[in-house]
Amino acid sequence: MNASLFFRASALRRGAPGRIAHRHARTVCQSSSLKTQQTLVFVPPHPLVSHWVAVARNAASPPPMFRAALAELGRLLIYEATRDWLPTLEGSVATPCGTAEVTFIDPGQPVKVVPILRAGLTLLESAATLLPSSQTFHVGYRRDEETLVATPYLNKLPASFTPEDRILVTDPMLATGGTMRQVIQDLVDRGAAPGMIRIVSAVCAPPALKLLADKFVGLKIYTGIIDAEVNEQGFIIPGLGDAGDRAFGT
């Protein structure tokens with residue numbers, strides 16, 4: 001069964017619940033009772049998200065500023081992505097004035113973080129202290145500029161995952177979705193459940209969203225903004241250019 005896209009109504013800047021406000025995202029939403037069978041796309045309506053997207057878009061932003069913008073976006077989007085998702089433990093601690101009932105993140109169930117090199121690293125730079133318990137597994141892909149087909153050059157994934165593992169994948173740009181599809185398929189082939197995978201991206205485009213929705217049921221995507229289109233060179237328009245080149249100055 002193909003999944004459909006469902007845009008979180010509370011995350012839209014305009015539009016009635018159950019409709020897609022972004023005029024270029026044409027996939028029809030189904031009833032919210034079918035959310036478990038859908039790819040969910042979250043666009044947090046926060047002014048800080050809009051601000052850092054604007055800084056990243058600006059062609060005049062030098063590499064340090066561009067990289068800082070993606071780092072801040074990553075921190076904000078990962079905060080949203082982990083809401084009601086992290087495993088917790090209940091307990092009590094002694095305060096200077098008594099005893100308090102408290103909730104901790106369970107250190108025995110670390111989030112598996114998968115940045116897609118090299119640009120995916122930028123979204124994690126300010127999030128190092130956000131996740132109390134995590135493990136990082138790097139993957140690297142290189143896209144052919146003519147065919148737009150990505151091939152792997154680095155894979156540090158473990159031999160297997162469990163369906164209960166929480167996996168966070170980061171990549172600033174979801175344009176055609178080809179690279180991300182390969183990464184998610186690799187995770188699933190190693191035992192991960194699509195419904196336990198969350199993607200964090202600065203900018204997305206409809207072709208990638210549709211590709212992922214058709215392939216993986218239950219996936220969740222958190223992004224700063226959804227842009228209108230992808231050009232023949234595979235760049236999002238208006239987008240923010242080549243994220244890796246702009247972040248690292250090479």
message: Please determine whether side-chain contact (heavy atoms from CB on, under 4.5 Å) holds for the pair I116 and T179, giving the CA-CA distance in whole Å, both sets of side-chain angles, and the decisive distance to 0.1 Å.
response: CA-CA 9 Å; I116 301 177; T179 301; 4.1 Å; yes
field: M196/I167 under side-chain contact (heavy atoms from CB on, under 4.5 Å): CA gap, chis, key distance, verdict
entry: CA-CA 6 Å; M196 294 296 283; I167 303 176; over 6 Å; no
message: Determine whether H138 and L121 satisfy the following criterion, side-chain contact (heavy atoms from CB on, under 4.5 Å), listing intermediate values before the conclusion.
response: CA-CA 9 Å; H138 299 89; L121 292 171; 3.7 Å; yes
field: Residue pair L157, R190: steps toward the side-chain contact (heavy atoms from CB on, under 4.5 Å) verdict
entry: CA-CA 9 Å; L157 295 177; R190 294 168 191 257; 3.8 Å; yes
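Contact between T122 and A247 at its shortest, heavy atoms only, is CG2-CB, 3.7 Å. Shortest non-hydrogen contact noted between I78 and L123 is CD1-O, 3.8 Å. The two atoms that bring A202 and L70 nearest to each other are CB-CD2, 3.9 Å, heavy atoms only. V139 and V183 make their closest contact through CG2-CG2, 4.2 Å (heavy atoms, listed as atom of the first residue, atom of the second, distance). Taking both residues in full, the closest heavy atoms of F216 and P194 are given as CB-CB, 4.2 Å, listed atom of the first, atom of the second, then distance. Closest approach of P206 to I226, counting heavy atoms only: CD-CG2, 4.3 Å.
A donor-acceptor contact under 3.5 angstrom links the side chains of D189 and Q185, judged on distance only. Counting only N and O atoms by type, the side chains of E90 and T103 include a donor and acceptor under 3.5 Å apart.
Interatomic distance, L117 CG to L154 CG, rounded to the nearest 0.5 Å: 6.0 Å. Put simply, CD on E232 and CD1 on I237 are 10.5 Å apart, with the number rounded to the nearest 0.5 Å. Rounded to the nearest 0.5 Å, atoms CD1 (I236) and OG (S201) are 6.5 Å apart. Taken to the nearest 0.5 Å, the CZ atom of R166 stands 13.0 Å off from the CD1 atom of I197.
Few gaps surround CZ on F137; more than 12 heavy atoms of other groups in view lie less than 6.0 Å from it. The number of heavy-atom neighbours closer than 6.0 Å to CZ of R118, taken from other residues, nucleotides and ligands shown, is above 12.
T82 contributes no side-chain N or O that, together with a main-chain N or O of W85, makes up a donor-acceptor pair within less than 3.5 Å.
A 4.5 Å side-chain heavy-atom check between V169 and L187 finds at least one atom pair inside the cut-off. Side-chain contact between V53 and L73 is present, with at least one heavy-atom pair separated by less than 4.5 Å. Looking at M173 and L240, their side chains come closer than 4.5 Å, going by heavy atoms from C-beta outward. Between P107 and L89 there is a side-chain heavy-atom pair separated by less than 4.5 Å. Between I105 and T88 there is a side-chain heavy-atom pair separated by less than 4.5 Å.
Between F42 and Y222, the two ring planes are parallel [angle under 30°; tilted spans 30° to 60°].
When the side chains of ILVMFWY residues are joined at heavy-atom separations under 4.5 Å, either directly or via intervening members, L130 and L168 end up in a single hydrophobic cluster. Grouping the Ile, Leu, Val, Met, Phe, Trp and Tyr side chains by contacts below 4.5 angstrom, directly or via other members, places V149 apart from V230. Y79 and L124 end up in the same hydrophobic cluster when Ile, Leu, Val, Met, Phe, Trp and Tyr side chains are linked at under 4.5 Å. In the hydrophobic cluster analysis, where Ile, Leu, Val, Met, Phe, Trp and Tyr join through side-chain heavy atoms closer than 4.5 angstrom, F104 is grouped apart from L86.
With respect to D242 and R246, no salt bridge is recorded, no charged nitrogen being found less than 4.0 Å from a carboxylate O.
Residue pairs meeting the salt bridge (Lys or Arg N to Asp or Glu O under 4.0 Å) criterion with at least one partner in residues 57-82, sequence neighbours excluded, are R57-D227, R67-E125, E72-R75, E80-R83.
Residue L209 forms a side chain to side chain contact (heavy atoms under 4.5 Å, CB included) with just one option from D214, T223, V41, T39, and that option is V41. In summary, of the residues considered (L174, I221, L211), a side chain to side chain contact (heavy atoms under 4.5 Å, CB included) with M180 occurs for L174 alone.
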Using residues 58-66 as the side-chain source, report each donor-acceptor pair under 3.5 Å to any protein atom, sequence neighbours left out, with the distance given to one decimal.
{"from": "N58", "atom 1": "OD1", "to": "A60", "atom 2": "N", "distance (Å)": "2.9"}
{"from": "S61", "atom 1": "OG", "to": "V55", "atom 2": "O", "distance (Å)": "2.7"}
{"from": "S61", "atom 1": "OG", "to": "N58", "atom 2": "O", "distance (Å)": "3.4"}

